[in-house]
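These numbers come from the heavy atoms of this one structure, side chains and all, not from hydrogens, waters or symmetry mates.
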Amino acid sequence: MGSLERSKRKVQLWKKAIVHFGLCFVMGFFTGFAPGGKASIFSRHVVASNKSQSVEMLHQQVASVPHASNVNRSLIAESPVPTPSSSKESEPAKFLEKEEEPEPKLLPRRLAIIVTPISTEDPYQGVFLRRLANTVKLVPPPLLWIVVEGQSDSDEVSEILRKTGIMYRHLVIKENFTDPEAELDHQRNVALRHIEQHRLSGIVHFAGLSNVYDLGFFDELRQIEVFGTWPVALLSANKNKVTIEGPVCDSSQVIGWHLKKMNNETDKRPPIHISSFGFNSSILWDPERWGRPSSVQQTSQNSIKFVKQAALEDETELKGIPPEDCSKIMLWRLNLPVSKSPSYHLSTTGSTDASRRKL
């Protein structure tokens, strides 16, 4: 009997040990799944005690300051103490205020429309065209160069224009002329009709191949409202003198004209030269905008005549440039005689006879 009781006690002890082990295992297993990072009861108690100590210290500091009885202690304990802003922080604020000021608006430049006719009788047209192209390259945009030439088998003008890098329009006429001046006038009218048909808005100027410019001239050209004029210095190749053509101004007001001939009866040409005036292109395709009647068919066929008449009819709209000093020369015209291109011939017989004599 004693042995049976002992075995039962051992079994009960083992059962208790297994139950205790199972309970500990289960508790440890489930505590592993509990979310971390939360403060325990003890940590909360510690934080609360620290807060109470800091509040008491603040109350003691306020009590030590005189005239502190009117201060709301709860607000002092809860609200953060503001830190004064430094001078370094105020300097960027002032800098930002300066940057917010509106910048002055830049006015866009007007389109300068340069018209250049080329005579088929000029053997040096390629040389003069390259020289004028080098000048036009230096003019700030926007600029449109309209070049008109007669029908030719040569592609020299086209090749020169393609290599300039300038915005251009190349027009070719089919008519044949025996008079070079009549040919140039017809080419100018073709260019003006092109401007009228396409309604190109800008300031038109006729630039001959023999013209020499001060680059400031194109800045003054863009300031023209309706009509503008300026003096031109004519340089002759065989004469040691300079002839001035164009207006006589008082500031920007035209009060007279420089004429080649003093006798007006013999000089029937208009006093304004083709290269000494410019105008707003809208006068061609919108004349009513400037208070002028619409161009009839007769004047539309000769646009240059129409523009010259319109400019000379009302000289109040014709302004001299530069407006400060209209007598300033900014354009020179070289009066070079048109001659035939030189021809070089090789006389083979003469050269052989000379070589035989030397031998």
Under 3.5 Å: donor-acceptor pair, side chain of [X], backbone of [Y]:
X	Y	result
Ser281	Gly202	yes
Asn211	Arg333	no
His198	Leu200	no
Ser251	Gln253	no
Ser210	Leu334	yes

Approximate separation, where rounding is to 0.5 Å, of [X] [atom1] and [Y] [atom2]:
X	Y	atom1	atom2	result
Lys308	Ile304	NZ	CD1	7.0 Å
Ser252	Ile321	OG	CD1	11.0 Å
Glu121	Asp179	CD	CG	10.0 Å
Gln125	Thr120	CD	OG1	8.0 Å
Ile118	Gln187	CD1	CD	7.5 Å
Leu221	Arg109	CG	CZ	13.0 Å

Are [X] and [Y] close enough that some pair of their side-chain heavy atoms sits under 4.5 Å apart?
X	Y	result
Ile166	Leu144	no
Val147	Val157	yes
Val136	Leu138	no
Pro231	His273	no
Ile244	Leu234	no
Asn302	Asn189	yes
Cys249	Lys328	no

I need the minimum non-hydrogen distance between [X] and [Y], along with the two atoms involved.
X	Y	result
Met330	Pro322	SD-CG, 3.5 Å
Ile329	Ala233	CG2-CB, 3.8 Å
Pro180	Thr178	CD-O, 3.5 Å
Gly320	Cys326	CA-SG, 3.7 Å
Val232	Ser276	CG2-CB, 3.5 Å
Trp332	Asp214	CZ3-N, 4.0 Å

Answer yes or no: is there an ion pair linking Asp185 with Arg188, defined by an N-O contact shorter than 4.0 Å? yes
Carboxylate-amine/guanidinium proximity below 4.0 Å for Arg110 and Glu225: yes
Test applied, side-chain contact (heavy atoms from CB on, under 4.5 Å); reference residue, Leu132; option that passes from Leu209, Val127, Val212: Leu209
Linked, directly or transitively: [X] and [Y] (ILVMFWY side chains, under 4.5 Å):
X	Y	value
Trp257	Ile255	no
Ile283	Trp285	yes
Val190	Leu184	no
Leu312	Leu284	yes
Ile114	Ile160	yes

I would like to know whether Leu143 and Met167 meet side chain to side chain contact (heavy atoms under 4.5 Å, CB included); could you show each step before the answer? CA-CA 7 Å; Leu143 183 141; Met167 184 172 63; over 6 Å; no
So, for [X] and [Y], is the gap between ring centers shorter than 6.0 Å?
X	Y	value
Phe279	His205	no
Phe227	Phe277	no
Trp230	Phe217	yes

Return each pair, listed once, that meets side chain to side chain donor-acceptor pair (under 3.5 Å) where at least one residue sits in residues 136-151; pairs must be two or more places apart or across chains. Thr116-Trp145, Glu149-His170
For side-chain hydrogen bond (donor to acceptor under 3.5 Å, both in side chains), just list the numbers for Glu196 and Ser303, CA-CA rounded to whole Å, side-chain angles, deciding distance to a tenth of an Å, and then say yes or no. CA-CA 10 Å; Glu196 182 180 0; Ser303 300; 4.6 Å; no
Just do the side chain to side chain contact (heavy atoms under 4.5 Å, CB included) check on Ile146 and Tyr168 with the steps written out, would you? CA-CA 6 Å; Ile146 301 178; Tyr168 71 92; over 6 Å; no
Would Leu171 and His194 count as a side chain to side chain contact (heavy atoms under 4.5 Å, CB included) here? Give the steps. CA-CA 9 Å; Leu171 308 179; His194 180 82; 4.0 Å; yes
Quick one, Ile18 with Lys15, criterion side chain to side chain contact (heavy atoms under 4.5 Å, CB included). Give me CA distance, side-chain angles, the key distance, then yes/no. CA-CA 5 Å; Ile18 291 170; Lys15 287 181 178 180; 5.8 Å; no
Tell me, yes or no, whether the heavy-atom count around Asn134 atom CG, taken from other residues, nucleotides or ligands under 6.0 Å, exceeds 12. yes
